[in-house]
Amino acid sequence: MSQNETLTTLETVYDARKTEKDIYKFWEDNEYFKADNTTSKETYSIVIPPPNVTGVLHMGHALDGTLQDILIRYNRMLSKEVLWMPGCDHAGIATQNVIEKNLAKDGLTRHDLGREKFLEKTWDWANTHKNRILEQFKLLGASFDLSRKRFTLDKGCSDAVKKVFVDLYNKGLIYKGSYIVNWCPRCQSAISDIETNYETEPGHLWEISYPLKDEMGAIVIATTRPETMFGDVAIAVNPTDYKYKDLVGKYCVMPLTGRTIPIIADEYVDKSFGTGALKITPAHDPNDFEVGIRHNLPQIKVIDEKGCMIANEYVPPQIQGLTREEAREKTVKMLEEHQVLVRVTEHVHNVGKCQRCNTTIEPLLSRQWFVKMKPLAEPAIEAVKSGKIKFIPERWEKNYLMWMENIRDWCISRQLWWGHQIPAYYHNKTGEMVVALENPDPNNYTQDTDVLDTWFSSGLWPFETMGWPDTNSADFKKFYPTNTLVTGFDIIFFWVARMITMGLEFTKKPPFSTVYIHGLIRDEHGQKMSKSKGNTIDPVDLIEKYGCDALRFTLTYLCTYGGQDIKISDEKFEFGRNFANKIWNASRYVLMNISKSKDELELDSAKFTIADKWILNELNDTVKLVNENLENYRIGEVASVLYDFFRAKYCDRYIELSKIEKNEAVLVYVLDNFLRLLHPIMPHITEAIWQKMPISKETSAILKAKYPVYKSEFEFKTDAEKMETVFETIKSLRNIRAEFNIPLGATIDIIIDNNEELYKQIIPYLNRLAKVNSVKFEKNNNAKKSAVCTVLDTKITVPLEDLIDINQEIARQNKKIEKLMPELKSIEGRLGNDKFVSSAPKEVVEKTKTRKAELEAEINLIKETIAKLS
RNA sequence: GGGCGUUUAGCUCAGUUGGUAGAGCGCCUCCCUUACAAGGAGGAUGUCGGGAGUUCGAGCCUCUCAACGCCCACCA
């Protein structure tokens with residue numbers, strides 16, 4: 001059985017899933033995705049944004065993965081040695097949450113199990129799930145090198161993390177200190193600033209009277225959190241506030257507890273807000289914390305890690321042990337009873353929430369590990385400013401720089417168990433701390449119980465996956481730094497910024513040269529997709545329903561250069577499916593019509609028809625556009641250019657023309673080139689068809705084939721351009737047929753008054769595509785009862801005898817003039833303007849003049865026609 | 001409060017250095033023409049958010065106003 005028989009005997013409806021499974025297996029079996037770190041070829045590498053080990057494939061991955069795969073496949077076809085590095089992230093909080101939730105079903109907490117048992121359980125779970133998401137990436141056609149698959153908690157990554165931590169510590173860039181952190185009482189851990197989201201919530205503003213000590217009078221403060229008052233250490237007012245001028249330096253007595261605190265002046269206080277007086281609670285408010293440091297005030301903690309009131313001397317017994325919410329209610333009640341509650345007003349304010357679990361954050365004084373970011377940020381800013389790292393689209397650069405220039409220290413310790421345990425060891429007796437790669441003496445030293453923020457290890461991803469800290473590793477030498485990083489804008493701060501800082505600090509090189517930022521996937525109403533809203537679309541379902549290539553093509557097509565968010569709905573993917581089906585059927589047709597052997601299918605320019613020259617020229621233009629757009633990350637444009645070329649040019653025109661006069665070599669040549677061009681976007685179908693192409697090939701798979709290259713000097717350009725006239729003529733004649741309801745079976749006769757030479761060449765096309773029976777060449781013909789069309793300077797007359805209603809035809813012609821007039825008017829206006837003629841570029845003036853002549857000729861032709869008709 | 005983005009055909013959106021607008025879907029008419037009805041042919045549809053400015057010329061550049069969206073900051 002010959003190759004093309006297998007394709008041509010198949011059904012007319014393309015079975016995407018069957019083809020895609022077979023093709024992916026073919027690639028895998030041949031190990032085509034495996035990167036070779038020993039070649040001397042130019043390299044191109046991408047590291048995958050590691051999906052969470054707990055995760056399942058979602059539309060964001062589908063888009064992100066598709067774009068990466070397109071770049072990888074394109075560069076592979078440019079004959080580079082490519083590496084797409086796959087792997088997963090251990091996702092500290094997210095994963096631990098899942099495990100704890102499972103435990104909770106049995107009424108257990110992680111503490112019931114203990115650290116060791118809990119980690120064992122988590123590892124089990126991670127191990128059983130860690131293949132799932134990368135397996136799902138395979139459904140996307142991902143051509144990553146799974147033999148190199150990494151995990152952020154594997155040995156190599158752990159070693160890298162430890163080395164980075166110890167080095168940064170030794171450089172003084174990591175420190176441990178007591179600061180206010182965002183504490184999640186549910187996760188029982190500190191979280192970083194960017195893991196905190198703020199939500200607007202209705203609340204109250206309570207005004208409380210603090211009596212002055214040893215004299216009459218009181219100072220009224222305003223607060224949204226009365227329960228924290230037990231931790232107050234001062235009352236602050238603005239130094240320029242005349243209302244309180246005399247009170248600064250005096251003391252007041254706290255209601256309910258009777259503790260004495262000073263009244264201080266600090267610029268931070270806003271005179272116009274509330275009463276202009278503010279209570280200072282350094283242990284439970286980040287701003288108060290700063291004020292406290294400035295004025296050397298004590299820090300009194302009254303809320304614990306669970307969000308409950310502490311039982312200490314500062315908190316009244318009735319309040320001790322209550323939750324934050326209960327304590328607030330009770331405190332207010334007590335203040336009322338003591339008649340020190342002056343006023344309560346409604347007040348909308350922003351409340352910090354844990355990004356992971358949406359629990360209200362408690363700002364808490366606590367001892368945590370931090371990375372000093374300023375010194376690390378400087379080179380990272382420089383790398384972007386100098387253009388060593390480029391953002392696409394550019395506007396994200398500004399965003400990145402703004403964040404980096406205002407960077408704050410990064411709280412990296414998390415009170416979790418799942419993650420990289422901090423390599424700090426404390427002497428069991430003396431408490432002395434040692435930061436080292438290994439425990440200096442396990443009998444006498446105990447490791448810090450905290451783990452590192454997940455983003456600490458993902459920040460090292462581009463080099464820890466390449467064998468670092470072994471800088472002699474073959475992968476590191478060959479594939480680092482990587483070329484492009486593809487991701488969504490939502491993790492620029494979390495991830496991209498940290499990779500840049502860490503990469504520069506530890507490898508002295510930017511980890512990638514281009515950051516390609518795409519939009520987020522949204523539902524058809526522009527809403528973010530989320531499980532709780534129930535508006536998610538599962539890419540795996542889409543692949544089953546429409547095929548992977550259809551999914552990829554549709555997503556790519558919807559991808560704009562500006563990185564706008566992408567709204568999708570299930571039905572939108574019919575677009576890609578229909579295109580795949582079209583490709584399948586067109587290819588079937590072409591392959592069915594090849595009778596020549598491989599050797600006879602060489603291009604022979606002596607045999608080119610005008611149509612051949614036209615399609616080859618169109619192909620060449622397409623090659624140019626596709627390459628340019630890929631180089632410039634205008635990937636959506638690539639999809640659109642290829643779609644237009646294939647449907648409008650190749651199928652609707654060239655294949656139709658080939659039914660009249662066939663050049664098998666060209667038919668096959670163009671299809672071959674088109675498949676190569678499209679392969680990065682729709683890898684499976686292009687591979688499947690290419691495998692069946694009866695042509696000589698330089699390699700065994702299209703994914704290894706050469707990408708088409710633009711020919712800057714194309715010899716048949718002028719001939720090719722003539723075809724536009726032909727298409728215009730066919731369209732005009734078809735329009736006449738439609739307007740006058742000429743039955744499909746009926747032919748027409750035409751009289752052409754100009755361009756005889758060209759039209760003689762294309763008579764067969766007119767015969768077939770416009771059902772033209774006879775063609776006469778005749779200047780100044782006087783055929784009555786005719787419909788007429790003009791194509792530039794050529795008038796084509798279609799005698800219609802009884803079929804025609806002259807008034808209808810006159811109306812039709814007038815409509816044409818109407819359509820052309822506005823353009824002519826505007827052109828006349830321009831050319832009549834001396835300033836335009838003198839200041840516009842010569843080419844533009846020339847072009848405008850030419851266009852004017854064309855328009856005038858055409859309009860005159862139509863006017864003449866009307867005159868003759870009536 | 002600071003920054004960014006969006007506003008173009010009924011819907012979803014393109015529009016790369018300024019030379020008067022395109023696609024997909026939808027709509028109307030016709031066609032199962034031996035690759036494809038997941039298709040083909042023909043057609044209709046836009047004061048490019050409002051206003052002002054620069055320019056010979058603005059969807060594109062500048063300013064301004066409006067609406068919607070996002071990010072950062074976090075005023076008790």
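Everything numeric here is computed off the predicted structure, so don't read it as measured data. Lettering follows sequence order; numbering is per chain, from 1.
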### Query
Can you find an N or O donor on one side and an acceptor on the other, under 3.5 Å apart, linking the side chain of A:Lys398 with the base of B:rC4?
no

### Query
Taking atom P in both B:rU8 and B:rU47, what distance in whole Å separates the two?
12 Å

### Message
Assess whether a salt bridge exists between A:Asp549 and A:Arg577, defined as any Lys/Arg side-chain N lying under 4.0 Å from an Asp/Glu carboxylate O.
### Response
no

### Task
Enter the distance from A:Leu591:CG to A:Leu667:CG here, rounded to the nearest 0.5 Å.
9.0 Å

### Summary
In Watson-Crick or G-U wobble terms, with both distances under 3.5 Å, the base opposite B:rG46 is none

### Query
Nearest of B:rA76, B:rC74, B:rA35 to any side-chain atom of A:Arg408?
B:rC74

### Message
Please compare A:Leu625 and A:Asn735 by the position of their nearest nucleotide in RNA chain B and report the one closer to 5'.
### Response
A:Leu625

### Summary
Against the side chain of A:Arg588, the closest entry in B:rA76, B:rG19, B:rC36 is B:rC36

### Message
Please determine whether any donor N or O and acceptor N or O are separated by less than 3.5 Å between the side chain of A:Glu656 and the base of B:rA35.
### Response
yes

### Query
If we call it a pair only when both distances are under 3.5 Å in a Watson-Crick or G-U wobble match, what pairs with B:rG26?
none

### Task
Indicate, yes or no, whether a donor-acceptor pair under 3.5 Å links the base of B:rA41 to the side chain of A:Lys771.
no

### Query
Within the pair A:Lys582 and B:rG40, is there a side-chain N or O less than 4.0 Å away from OP1 or OP2?
yes

### Task
Select one nucleotide: of B:rA35, B:rA14, B:rU16, the one nearest the side-chain heavy atoms of A:Arg634.
B:rU16

### Donor-acceptor pair under 3.5 Å, A:Asn350 side chain vs B:rC74 base
yes

### Task
Check step by step if side chain to side chain donor-acceptor pair (under 3.5 Å) holds for A:Tyr546 and A:Asp570.
CA-CA 10 Å; A:Tyr546 300 110; A:Asp570 194 286; 2.7 Å; yes

### Query
So which nucleotide does B:rC63 pair with, by the Watson-Crick or G-U wobble rule with both distances under 3.5 Å?
B:rG51

## Note on the structure
Looking only at B:rA44, B:rC36, B:rA23, the nucleotide nearest the A:Tyr557 side chain is B:rA23

### Query
Looking at B:rG3, B:rG24, B:rA14, which one has an atom nearest to any side-chain atom of A:Phe575?
B:rG24

### Message
Nearest whole Å is fine: how far is B:rC68 C1' from A:Gln564 CD?
### Response
13 Å

### Task
Could you tell me which non-hydrogen atom of A:Asn767 sits nearest to which non-hydrogen atom of A:Asn773, and how far apart they are?
OD1-O, 4.3 Å

### Proximity to the side chain of A:Ala738 - top-ranked nucleotide from B:rA76, B:rG42, B:rC56
B:rG42

### Query
From the list B:rC13, B:rA76, B:rA14, which nucleotide is the closest neighbour of the side chain of A:Lys567?
B:rC13

### Query
Of A:Lys731 and A:Thr224, whose nearest nucleotide on RNA chain B comes first from the 5' end?
A:Lys731

### Summary
Regarding the side chain of A:Tyr643, the nearest nucleotide among B:rG39, B:rG24, B:rC74 is B:rG24

### Task
Would you indicate which nucleotide in B:rG3, B:rC56, B:rA76 comes nearest to any side-chain atom of A:His347?
B:rA76

#### Entry: From CE (A:Met229) to OG1 (A:Thr281), nearest 0.5 Å
9.0 Å

### Query
How close or far is atom P of B:rC13 from atom CG of A:Leu558, stated in whole angstroms?
9 Å

#### Entry: hbond_proxy A:Arg577 side chain to B:rA38 base (donor-acceptor, 3.5 Å cutoff)
yes

### Task
Consider the side chain of A:Ala840, meaning its heavy atoms from C-beta on, and name the nucleotide among B:rA38, B:rC56, B:rG42 that approaches it most closely.
B:rC56

